[in-house]
Q: 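The structure under discussion is supplied below as structure tokens; questions concerning it will follow.
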Amino acid sequence: MKRLSFLDQFLTLWIFLAMALGVMLGYFVPETSEALSKMSVGTTSIPIAIGLIIMMYPPLAKVNYRRLPEVFKDTKVLGLSFVLNYVVGPILMFVLGVIFLGGHPAFLTGLILIGLARCIAMVIVWNSLAEGDAEYAATLVAFNSIFQVLFYSVYAWFFITFLPPLIGLTGYEVNISMKDIAVSVFIYLGIPFLAGMATRLILEPIKGTEWYTRHLFRRYRRLR
């Protein structure tokens, strides 16, 4: 069986270490937050965007985009994804937030804002490491991204402004425009998606499927 690279084997550890480093920098070097804010355009962080694009491009270049229309017809999978991500997930997140952060409305609001944003980058990476179906993963990520653009602001209003006062908690007015979400989704997901699609649709007909799938990304073990 193929062995994962050292980086991939301990990917979860690197994520927790990065989180710990971020908390430590914020606590001991408060200027870090201001410096990172200066490297943002609107609601988009340029360093995060660069990192996500580099991380997501190889797995997305593996996707056979000609299969996507076929996958989109699988209403059972799309329906299950919708129920888990936009019914079960938000309700469970809200209940847990109320239980543990009900007395801290600012933290509860932050948790809800993060919890409502469906994971995009890591879904692609974990699926690639598990050698899952790349086309299904890309389809579900695209489906969830479109839904976020259309309904994230509605969900934020419902769970942050409307629902908390009904159970005796403080509600907040959150102004998140569909435009801001669309721009962020396009940068974080659209750019690596388009780059991966262009790579596959241009190089595969020229060099052949065998060369494309086995040799182009030989340095990225997760793509083989």
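Since this is a predicted model, take the numbers as computed values, not measurements. Hydrogens, waters and symmetry mates are skipped; everything else that's a heavy atom, side chains included, is used.
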Q: Compare every heavy atom of Leu116 with every heavy atom of Pro90, then report the nearest pair and how far apart it is.
A: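 The pair with the smallest heavy-atom distance is CB-CD2, 4.0 Å.
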
Q: Does CE in Met24 sit with more than 12 non-hydrogen atoms of other residues, nucleotides or ligands closer than 6.0 Å?
A: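 Incorrect, the count does not exceed 12.
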
Q: Where do Phe10 and Thr12 land on the side chain to side chain contact (heavy atoms under 4.5 Å, CB included) test, with the steps shown first?
A: CA-CA 6 Å; Phe10 299 98; Thr12 302; over 6 Å; no

Q: Linking I/L/V/M/F/W/Y whenever any side-chain heavy atoms sit under 4.5 Å apart, do Trp126 and Phe16 land together?
A: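 They do share one cluster, since a chain of ILVMFWY contacts under 4.5 Å joins Trp126 to Phe16.
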
Q: Among Phe143, Phe151, Phe159, Phe147, find the residue that satisfies the ring pair (Phe, Tyr, Trp, His ring centres under 6.0 Å) test when tested with Tyr86.
A: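 Output: one option passes, namely Phe147.
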
Q: Under 3.5 Å, is there a donor-acceptor pair between the side chain of Ser37 and the main chain of Ser33?
A: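 A pair under 3.5 Å: yes.
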
Q: Compare all side-chain heavy atoms of Val63 with those of Arg200 and state whether any distance is below 4.5 angstrom.
A: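 Not touching, per the 4.5 Å side-chain cut-off.
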
Q: Looking only at heavy atoms, what is the nearest atom pair of Leu101 and Leu108, with distance?
A: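 Result for this residue pair: O-CB, 3.8 Å.
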
Q: Do Arg66 and Glu204 sit within salt-bridge range, that is, some charged N less than 4.0 Å from a carboxylate O?
A: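 Judged by the 4.0 Å cut-off on N to carboxylate O distance, Arg66 and Glu204 do form a salt bridge.
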
Q: Distance check, rounded to the nearest 0.5 Å: Leu52 atom CG versus Ser45 atom OG?
A: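 Spacing of CG (Leu52) from OG (Ser45) equals 9.0 Å.
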
Q: Can you name the one residue among Val77, Leu84, Leu78 that meets side-chain contact (heavy atoms from CB on, under 4.5 Å) with Leu80?
A: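 The single option meeting the side-chain contact (heavy atoms from CB on, under 4.5 Å) with Leu80 is Leu84.
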
Q: For the pair Phe107 and His104, name the ring-plane relationship: parallel under 30°, tilted 30 to 60°, perpendicular over 60°.
A: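 Phe107 vs His104 ring planes: perpendicular.
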
Q: Would you call Arg67 and Asp133 a side-chain contact if the rule is heavy atoms closer than 4.5 Å?
A: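 Side-chain contact under 4.5 Å: yes.
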
Q: Are Leu169 and Leu113 connected in a single hydrophobic cluster, I mean Ile/Leu/Val/Met/Phe/Trp/Tyr linked by side-chain heavy atoms less than 4.5 Å apart?
A: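 Looking at the clustering, Leu169 is in the same group as Leu113.
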
Q: If we ignore hydrogens and angles and just use 3.5 Å, is the side chain of Thr161 paired with the main-chain N or O of Tyr172 as donor and acceptor?
A: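 At least one qualifying donor-acceptor pair exists.
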
Q: Calculate, to the nearest 0.5 Å, the distance between atoms CG and OH belonging to Leu150 and Tyr155 respectively.
A: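 The distance works out to 11.5 Å.
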
Q: When rounded to the nearest 0.5 angstrom, what distance separates CD in Glu70 from CG in Asn64?
A: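 Spacing of CD (Glu70) from CG (Asn64) equals 9.5 Å.
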
Q: Drop me the distance from Ile112's CD1 to Leu96's CG, to the nearest 0.5 angstrom.
A: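 Nearest 0.5 Å value for the CD1-CG distance: 11.5 Å.
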
Q: Taking a hydrophobic cluster as the set of Ile, Leu, Val, Met, Phe, Trp and Tyr residues connected by side-chain heavy atoms closer than 4.5 Å, whether directly or through intermediates, do Ile114 and Val95 fall within one such cluster?
A: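 No, Ile114 does not connect to Val95 through the hydrophobic network.
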
Q: Distance check, rounded to the nearest 0.5 Å: Leu68 atom CG versus Thr139 atom OG1?
A: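 Answer for the CG-OG1 pair, Leu68 versus Thr139, is 4.5 Å.
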
Q: Closest approach of Ile187 and Ala49, non-hydrogen atoms and distance?
A: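 Between these two residues, the closest heavy atoms are CG2-CB, 3.8 Å.
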
Q: Please evaluate residues Asn144 and Ser81 with respect to the criterion side chain to side chain contact (heavy atoms under 4.5 Å, CB included), reporting the C-alpha separation (whole Å), side-chain torsions for both, the decisive distance (0.1 Å), and the verdict.
A: CA-CA 8 Å; Asn144 288 326; Ser81 174; 3.6 Å; yes

Q: Quick one about Tyr188 and Ser145 (side-chain donor to acceptor, distance below 3.5 Å, no hydrogens or angles considered), yes or no?
A: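 No - no donor-acceptor pair under 3.5 Å links their side chains.
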
Q: Measuring only between side-chain heavy atoms, which start at C-beta, is Ile191 closer than 4.5 Å to Phe193?
A: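 Side-chain contact under 4.5 Å: no.
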
Q: Does any non-hydrogen side-chain atom of Leu111 lie less than 4.5 Å from one of Phe94?
A: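 No; the side chains remain at least 4.5 Å from each other.
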
Q: Heavy atoms only: give me the nearest Thr170-Pro164 pair and the separation to one decimal.
A: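 For Thr170 and Pro164, the tightest heavy-atom pair comes out as O-CB, 3.6 Å.
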
Q: Asn127 and Tyr136: side-chain donor and acceptor closer than 3.5 Å?
A: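 No, Tyr136 and Asn127 have no side-chain donor paired with an acceptor closer than 3.5 Å.
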
Q: For the residue pair Glu135 and Phe72, establish whether any side-chain heavy-atom pair is separated by less than 4.5 Å.
A: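 Glu135 vs Phe72: side chains apart.
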
Q: Hey, are the side chains of Leu140 and Val123 touching, using non-hydrogen atoms and a 4.5 Å cut-off?
A: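 Side chain of Leu140 against side chain of Val123, heavy atoms only: no contact under 4.5 Å found.
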
Q: Walk me through it: do Tyr152 and Trp157 pass the test ring-ring contact (aromatic ring centres under 6.0 Å, His included)?
A: CA-CA 9 Å; Tyr152 183 87; Trp157 170 83; over 10 Å; no

Q: Below 4.5 Å, heavy atoms only, C-beta onward: do Ile206 and Trp211 meet side chain to side chain?
A: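 With C-beta onward as the side chain, the pair stays apart.
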
Q: If hydrophobic clusters are built by linking Ile, Leu, Val, Met, Phe, Trp and Tyr wherever their side-chain heavy atoms come under 4.5 Å apart, do Met55 and Leu21 end up in the same one?
A: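 No, Met55 and Leu21 fall in different hydrophobic clusters.
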
Q: Measure the spacing between CG of Leu189 and OG of Ser184 and express it to the nearest 0.5 Å.
A: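 Nearest 0.5 Å value for the CG-OG distance: 11.5 Å.
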
Q: Check whether Tyr57 and Ile202 end up in the same hydrophobic cluster, where Ile, Leu, Val, Met, Phe, Trp and Tyr are linked by side-chain heavy atoms less than 4.5 Å apart.
A: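 Different clusters: Tyr57 never reaches Ile202 through Ile, Leu, Val, Met, Phe, Trp or Tyr contacts under 4.5 Å.
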
Q: Do Leu60 and Tyr65 make a side-chain contact, defined as non-hydrogen atoms from C-beta onward lying under 4.5 Å apart?
A: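 They are in contact (side-chain heavy atoms under 4.5 Å apart), so the answer is yes.
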
Q: Is a side-chain donor or acceptor of Thr32 paired with a backbone partner of Val29 at a separation under 3.5 angstrom?
A: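 Judged by distance alone, yes, a pair lies under 3.5 Å.
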
Q: May I have the step-by-step check of side chain to side chain donor-acceptor pair (under 3.5 Å) for Tyr212 and Thr199, ending in yes or no?
A: CA-CA 10 Å; Tyr212 186 88; Thr199 303; 5.3 Å; no

